[in-house]
Every structure is written in structure tokens, then in C-alpha cells.
Amino acid sequence: MNRLIAIAVALLLPALSNAQTSYTIKGKIPATHKATRAVMSYPPDDKGGKYAADTTDVKDGKFEFKGKIQRPQLTELNLIIPRPAGEKARRSESGEEGGMKNVALFYLDGNIDISFDTAGIASYAGGGKEQKAWEFYAKEAATRSKALNGANGGMEFYEVLISDMVKQFPDSYMSVDLMDLFTQSSINPKLIEPMYNNLSKRMQNSEKVLGWKPKLDQAKLAVSGNQTAPDFTLNDTNGKAVSLSSYKGGYVLVDFWASWCVPCRAENPNVLAAYEKYKGKNFQVLGVSLDEKKDLWLKAIAEDKLPWKQVCDFKASKSEVTQLYNISSIPANVLIDPNGKIVGKDLRGKALHERLAELIK
């Protein structure tokens, strides 16, 4: 009997590996709505390639999509309203009023009915567990956002929200997809490792997670205190050579930024606050700019009132330093201890202050 079970399982495994999710999407719009087509776009797999785009006509206020997909994927559906002759066509009216007018976001996951009201706002019925998880997330995000009373929660808002979603839906593709916000560029292991550990074994072995897991392992090694920070030398604002090795003996935050980088400029006040708090406790900041034009670089330094040493080779993303430190996007930073070992990476917001408080007493 045991041998028969083993054979049955072996025969079933190929079928499971090729399993697909079937879906039927039925939509309705009011009789007064002017949309004539619906366009649905989604990633066909987790390889990061071009999105698939399916189009269907709206007839008598109804439209329908049917198909199969490798696994449930978050999908955007746009209602297309014809434009008068001579005007450029547009996908939808979603951008005009800053809402979700004539746009639906949902998971391709089973049978789903989508109804648009006269204002073009979508509502949903049906769907499988991924769609139900997505609806819970959307509602929770709206509730928590409203509780801020207009304040900007920043990235910390999403760090907490998505961490909670991963805990609540550990076996959901939705959780993995939400983690894209933190895994598609530099990875902060302090944030991502707990999320990874909360995922089910099935999700840990999913294609998307296996794709970024090596980056998590590398990020953990980078902040373990066992990796020596590569030395480099660049010219400062006065054309004088500055070497990272000259900072050995103290803590130094190597801050990668650029004048044109809006998130970098938004983070500068936070770095400045950390600098002012710890500058008398063996802590310094070394700014490494990815600018190409010196005048814009100097202007940004003056505008943001950055008092620490700044260096730049004006090669932007082709700078040798970004390659030394595997910097793929900015803002980014590396915290180095007095022995020249990396003890922190991509510390932004309160994470920077928390790590400095751990290390500098």
C-alpha cells in the first residue's frame, strides 16, 4: 500500500507543478456609462517580464474575460471611453480626479463579478482566497490611513501594514506581492527577514520569493559586522580627494543620494537629525552623490543645509563606488563601525536612529 501511495504521489507531482488558476471575470456598467471596451493587464508569471493585456468589448452594459493563469495575480482593469475625433485616446479617467474612477484592482482568482456605479467606482463579488485577502488589505489600508487624520505615515505606515498582512495571510500570494515594495531594490534584512520567516513554506518556495531570497541572504551578510567596507577615494566640493579609510576609528554613514532624487531630498532632514544628535559621539556622515552636474549638486547641498563632507565623480549610476557597494537605487546608505566593518544598510526613517542608538551609547 505504501508503495502504491508513493507511485500515486510521484504521478501527481508534475500535474501540481503545472497547475493553473482558472478565472471568469464578469463586469457590468450603468446604461448611462460611455465605455465601449475593457482592458485587463496583469503579469502572466513571476519572471518580471512584460505584462499581458486582454481587451474585450462592452455590449449592453456587460463584458467578460475568461482564461487561465499560472497563479493568481493582481490585475488592473480599465474601462475605455472613446474620445472625440482629433483627441488622443486614453485608457481611463482614473487620473483626472485622483481616485479609482473607471478602474478596478483585483486578483485573477476564480469567478468574480465587477460592478461599476454611475461614478465609475468598482465593487466586487466572489473570487477565491487571494481576492478575499486583497479585499481585506484594501479595507485595512483605508481604515489605517483614515486614522492618520491627514498625516503622512510615510514608508513606516506600509512597513507596519504589510508586516501585519504577512502575519495574517502567510500562505497568500498577496503577501508576497505586497512585499515587492521592499524587495525589488535594496533589501533591509531587519524588515524583510521577519516577514520571510512568517511566510508559509509554500510561499517561501514560490518563484518570486526564490528570486529575491539570495538578495536577503547577501543583505544579512552585509550587516553582520563580518564584512569589511571597500575603501574608495572621491573628490569633495572643493576638488580635494577624500578617502573612506580616513574615517576609520569612528562610525560613518556613507549616504548615497543625488540632487534630482526626490526621496533622497525628503530623507535628508532625517539624516541631518541623526547627525546633529550623534556628531559629538564619534559619528560622521559622508555623502556620495550620483549627480552629473556640479552646479545642481552644490545647490542641493546648500538648500538642504547639509554640513558633512560631500564627494562626487559625476558618473551617476556608473560610478565605481555604486558598484563596490551594489547600489541599484537611491536613497541608499551603509553604516560602518570604527573597525571598518559594515553594521547597517539602507537605514531610513526611525530605523537609522534605532540602529545608531544600539551602537552608540
Side-chain angles (χ1 to χ4, degrees), residues 20-44 50-150 152-153 157-158 161 165 169 172-174 177-178 180-181:
Q20 292 186 318
T21 296
S22 298
Y23 61 85
T24 299
I25 310 301
K26 294 184 177 181
K28 291 174 60 178
I29 65 174
T32 56
H33 203 291
K34 297 179 181 180
T36 58
R37 287 183 299 152
V39 177
M40 191 170 70
S41 58
Y42 53 91
K50 185 178 180 180
Y51 273 44
D54 300 337
T55 303
T56 190
D57 292 331
V58 177
K59 297 180 179 179
D60 299 323
K62 298 179 181 180
F63 60 88
E64 183 174 316
F65 293 95
K66 281 187 177 182
K68 292 183 178 181
I69 195 168
Q70 187 175 344
R71 63 93 158 169
Q73 293 280 7
L74 185 61
T75 302
E76 178 180 333
L77 184 147
N78 285 264
L79 296 179
I80 307 301
I81 301 173
R83 305 298 296 165
E87 290 190 23
K88 292 183 179 180
R90 62 186 180 190
R91 287 168 61 89
S92 71
E93 295 181 353
S94 59
E96 290 190 350
E97 297 178 13
M100 290 294 293
K101 187 176 181 182
N102 298 325
V103 179
L105 288 175
F106 57 95
Y107 267 83
L108 285 179
D109 183 20
N111 301 327
I112 302 175
D113 293 330
I114 303 175
S115 298
F116 288 89
D117 62 18
T118 54
I121 305 301
S123 59
Y124 312 89
K129 75 168 191 175
E130 296 294 341
Q131 174 62 13
K132 298 303 181 186
W134 173 253
E135 290 176 6
F136 180 90
Y137 163 75
K139 183 177 180 180
E140 186 69 9
T143 299
R144 296 191 188 192
S145 179
K146 186 177 181 180
L148 294 176
N149 294 318
N152 183 3
F157 173 85
Y158 290 100
L161 174 61
M165 292 302 102
F169 300 97
S172 171
Y173 283 109
M174 180 204 70
D177 293 339
L178 289 176
D180 280 352
L181 184 61

Note, F65 side chain near L108 side chain (heavy atom, < 4.5 Å): no
Heavy-atom closest contact (T75 atom, S41 atom, distance): CG2-O, 3.4 Å
The criterion is side chain to side chain donor-acceptor pair (under 3.5 Å); which residues satisfy it with D54, sequence neighbours excluded? Y42
Could you list all the side chain to side chain donor-acceptor pair (under 3.5 Å) pairs where at least one residue sits in residues 121-141, not counting sequence neighbours? K129-D171, E130-S172, Q131-E135, E140-R144
Rounded to the nearest 0.5 Å, what's the gap from CD1 on I114 to CG on L105? Could you check? 9.5 Å
Of all heavy-atom pairs linking T21 and R71, the shortest is OG1-CA, 3.9 Å
Is it true that, when you exclude F157 itself, more than 12 heavy atoms of the residues, nucleotides or ligands shown sit nearer than 6.0 Å to its CZ? yes
How close do P43 and Y51 get, counting heavy atoms only, and between which atoms? CD-CE2, 3.6 Å
Measuring from atom CZ of F116 to atom CG of L79, what distance do you get when rounded to the nearest 0.5 angstrom? 4.0 Å
Report the C-alpha separation of D109 and Y173 in whole Å, then their side-chain angles, then the decisive distance to 0.1 Å, and conclude whether the side chain to side chain donor-acceptor pair (under 3.5 Å) test is met. CA-CA 11 Å; D109 183 20; Y173 283 109; over 6 Å; no
Distance, nearest 0.5 Å, that separates CG of N102 from CG of L77: 10.0 Å
Applying side chain to side chain contact (heavy atoms under 4.5 Å, CB included) to K34 and not counting sequence neighbours gives I81
Within the side chain of D57, is there an N or O that forms a donor-acceptor pair under 3.5 Å with the backbone of K59? no
Between I29 and A35 the two heavy atoms that sit nearest each other are CD1-O, 4.0 Å
Within the 4.5 Å heavy-atom criterion, are V103 and N78 side-chain neighbours or not? yes
Could you measure the distance from the OG1 atom of T24 to the CG atom of N111? Nearest 0.5 Å is fine. 4.5 Å
Is any side-chain heavy atom of M40 closer than 4.5 Å to one of F106? yes
Rounded to the nearest 0.5 Å, the CE atom of M165 sits from the CG atom of D177 at a distance of 14.5 Å
Gap between atom CD1 of I121 and atom NZ of K101 - 0.5 Å precision: 8.0 Å
Salt bridge check, K66 against E64: does any charged N sit closer than 4.0 Å to a carboxylate O? yes
